[in-house]
Amino acid sequence: MDMDFGTRASLWLDGMLQQVPAEVFDTFAFAGNFHPIIVHFPLALLPLALGLAALARLRGSEVLWLQARTSAVLAFASALLAISLGFAKAWAESYSWSDIGAHASFALLATGLLAFALLPSAGLRFSGEALLAIFALLTRLIAKLLLYLLLILLSPLLLLLWLLAWLYRLTLGRFMGGLHRLLFALRAALGRAWKACKNSVYRLYLVRPKLHSVGRWRAVFAAGAMLALVVTGLEGGNRVHGEGHLLKNAPAWMQPYLAEAEDQDSAWLDEAYYQAEVVPVLRKHCFKCHGEDKAKGNLRLHSAEAIRSANILVLDDPWGSELLRRVLLPPSHSAAMPPREHGVALAEEDIATLIAWIRGASLDEDGGVAGSSAGASASKSLPPELARLNSSLRPISAEQLAAFNKPSLRLQRLHAESQLLRANFQFVEAEHLAAELERIKPLWPHILELDISGQALPLSAFSVLPNLQRLNAASAGVDDGQVPAILAWSSLHWLNVFDNPLSDEAIAAIEADLPALETLHAPAKETLRLALNTEQASEKIATQITTQSGDKSSEKSTQTSENAVQ
Amino acid sequence: MKTRRALLRDMGKLGLASVAMSTPLGQLAQASTMGSAALGPMPMGLHHLPSAKRVIFLWLQGGISQFESFENKPLLTKLHDTSPLAYKKECGPACLKSLATFKQQGESGTEVSDFFPHIGSIIDEFTLIRTFQNFAPAHPAAGNFLFSGERLAGKPSLGSWINYAIGSENPELPGFINLGFKHSNNKNGYLPSDLHGVYFATDGVSAVDFLDRPGDIDAAMQRMAIDQVSQLDKLGAAQRNDRASLSHAKVYELAYMMQSSIPKVMNLADEPDYIRKLYGLDQPHCSELGGNLLSARRLIESGVRFVNVSDQGWDHHSGLDTAFPKKSAGLDQPLTALILDLKQRGLLDDTLVVVTGEFGRTPFNEGKVIGGTGRGHNPDAGVVLLAGGGIRQGYTHGETDEFGWKPVRDPVTVNDLNASILHALGIDHMRLSYELGGRNFRATGVGEPRVVSELFA
């Protein structure tokens, strides 16, 4: 009950999204691709409607009016369609609100204004009146506030004048009359000015624009819609072609007038690091299409300045940067970079270089990398290979995960912002294994770590977990027959099969055939013993122990003094 | 009678679990402040990827002398029995040279005293902190500080915090267990009372007091009583929004399960002979700590989150020359055995082993004042050994002055150490807190301690 509305709403939405089958996502992705085409309809139809309306007014032609109205209605309908497709696109490709917020808001504003312009006369008049009333209320409120502010500011002056006048009259005024009258007059003039101000505010109540004709209001709304639509179009263009794409190639004489107050923030990423570390990565993977020669999607990456103007980086926030998002998308995704047909995905160390650069890594004086990644904060985000896997998994909400958890089967996230899980099957008995696995079926691809140590469970049952990376199967009765199940986990890099009846050949096979394996804890070949035996350890200690065991009294006294201090 | 497994399976229908596990978010105050009860206060998971999953925290109560173990200060030999002017006020009497001789060991060349030959042979497994600071100069406050990050008594212990944050993986045992001797630093404080550190004695089946079912009560009767109590607790929890009732029910259920899990997990006779010998169970001076460390390994192995092994008797104000050799021999072999055993089992990869006293000792001879040979408390510099769980191997952190009296470089406070332990477990100590009386309390006091990232590989 203590949860605030926002949290509950987002949980609810999260739950609803979970219900959406994958096909629907695909459908949205498909439909969303038509958004850039459909947007041109309202962009063309609305100016047409405005032009026709102007012409109809000049000529007084009913036919032109009809045509103007029809194109306006068509513009409205196509705008609605474009907006729906836009949201479908945004959802399917998981754009953030900061990406498309302005674009979407102006689109909604334009469509809303257009809807007003198309209202029937009565409706339009009513909404016009309502708007006016709100406007009037606001102006009066502000005027009154200003007035009282003025009064507060002026009152000390008035008080001072009044005091001075009285003082003068009581002292010098007795002998030299006249001056105090001037002071009184000044004060009176100020008072009158105050009253005049007050009156003019009351007069505001009488000021009220008159609604001469509904047509004029229609024109106002339609013009507003046109303006908003232009902004929407520009914003949308910026999304597709990059920021400032319209004016980029303006002739030289125009440039001084266009130059914005560009903030030359010195915090921009290190140029030397870019040249030394980033350029090789980009040359290998990106320059073919986004270099000096070619600029696909109007994006060039060949200089730090070009990248900066492309607006694809967020300083110090690799995961919020478009560059990294594209690079980390699964290769099958339509927006993944480099595209599947043109190149191979970036290697992990290349991605690490990009991350370090965006985090502000720089070259130190010797030309070595003095990355900012040293220290605790570096480990907070997921390493790239896990990030890649993570982004391909469906999100699980906290509630859902809690529902899957049982005392005997703990499923925990490896990292708060991830969908990756550790599963502990140490307390699941073999007879319930199949049922328990079936129960958590939606989580199978999420499980990266599995612990079955001390519990004899057949490994083949777990072959449904495709992404297993760490397996603790110590003392779990793993024999040679189960080796094929182990070998099937190609991404396994930590394996513990200590204290299991496995033959040397089986261990050799595991070592040879698991490509990703980094750590293997095999059954012990010989019993563990200390490196030194007691004699080797130290004669000194050997003698001390023997003498001490006979010398109980001194030990006892030490013990009591300790207790006293405790 | 139901088996323990069957009980676990049926928990959805019975007592505790139906309250604790299936509580919808927000229905109880507990759930709303702690997130989902099933997943602790971090329902979304860890703050970052962990390098450790479990902790064995070996406390050498009293404060082990660094000068007889890992801190070689030749100056003390030179100034032995003389009183350097600059330190006269603090320590009065005279410098005391080390009773040990030091040798560089392992590839790291860390200097280890000849009191610890076995540890010397595996010194490359450890990170050694030489500049551990506690600030509290007396045992009670220093103990509180070491475990809870605050000097005053009654605050939650680190083990409680960790279990509060990420829970235990073993439903049949407490997530926080105290071996060795009973002390007051393993309390849950203001955290829910089921997070209390439970004391286990070393001897197998009777490790926990009053655990067995009384002879005249049969199993069915006991089960019925527990069910009734759980139902009452459930009722109380639902009606009065009462967190304590939930903990009460949880503790009852846990104790019931421990009746069968304890004899199994605490039975050291299960271990093969070579392991018992490795831990020194056959030698009188090693058997106590050896048995506790072996139990600790067994508990960790079965999914317990935090085991505190406490070893008493390191407070050598006097009798350093007579008592220390025996204590050191009693630590040397069992600790080495623990590290080797964890390593061969693959557990050292994600188990963090911490060995520390509450503070270090002085370079001066307190025996001059109270008789005998000994060293006083030095809260400004002490030694800590860390191993496993993502800790760097063969690394020495920090440096003290030529007396070993104060740090000159890289001091590590108690809160720095605890923040680093939490960091290893994937917890950001600045984001783990518990609201009490209008303030969010942390496991690491009120300052801004530093996660010592140099300690990690």
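Basis for what follows: all heavy atoms, side chains included, without hydrogens, waters or symmetry-related copies.
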Exercise for the section: Let me know if A/L421 has heavy atoms under 4.5 Å from chain B in its side chain, its backbone, both or neither. Expected result: neither
Problem - Heavy-atom proximity to chain B below 4.5 Å, by part of A/S453 - result: side chain
Where the side chain of [X] meets the backbone of [Y], is there a donor-acceptor pair that is under 3.5 Å apart?
X: A/R410; Y: B/S168; answer: yes
X: A/N496; Y: B/R345; answer: yes
X: A/Q412; Y: B/I166; answer: yes

So which heavy atom on [X] is nearest to which on [Y], and how close?
X: B/E172; Y: A/F427; value: OE2-CD2, 3.7 Å
X: A/L530; Y: B/A337; value: CD2-N, 4.5 Å
X: A/S408; Y: B/P171; value: CA-CG, 4.3 Å

Roughly how far apart are [X] [atom1] and [Y] [atom2], rounded to 0.5 Å?
X: A/S475; Y: B/E301; atom1: OG; atom2: CD; result: 5.5 Å
X: A/L414; Y: B/H48; atom1: CG; atom2: NE2; result: 12.5 Å
X: A/R470; Y: B/D350; atom1: CZ; atom2: CG; result: 5.0 Å
X: B/Q344; Y: A/L528; atom1: CD; atom2: CG; result: 4.5 Å

Problem - Which portion of B/K53 sits near chain A, non-hydrogen atoms under 4.5 angstrom - result: side chain
Problem - Per-residue contact mode, B/S51 against chain A (heavy atom under 4.5 angstrom) - result: neither
Practice task
Specify which of B/E169, B/K277, B/R450 makes the most heavy-atom pairs with chain A at under 4.5 Å.
Solution key: B/E169
Handout entry: Most chain A-contacting option - heavy-atom pairs closer than 4.5 Å, from B/I370, B/D349, B/L340, B/D341
Key = B/D349
Practice task
Evaluate the side chain to side chain contact (heavy atoms under 4.5 Å, CB included) criterion for residues A/L386 and B/L49: first the C-alpha distance (whole Å), next the side-chain angles of each, then the deciding distance (0.1 Å), finally the verdict.
Solution key: CA-CA 11 Å; A/L386 286 186; B/L49 290 178; 3.9 Å; yes
Practice task
Taking atom CZ of A/R529 as the centre, report whether more than 12 heavy atoms of other residues, nucleotides or ligands fall under 6.0 Å from it.
Solution key: no
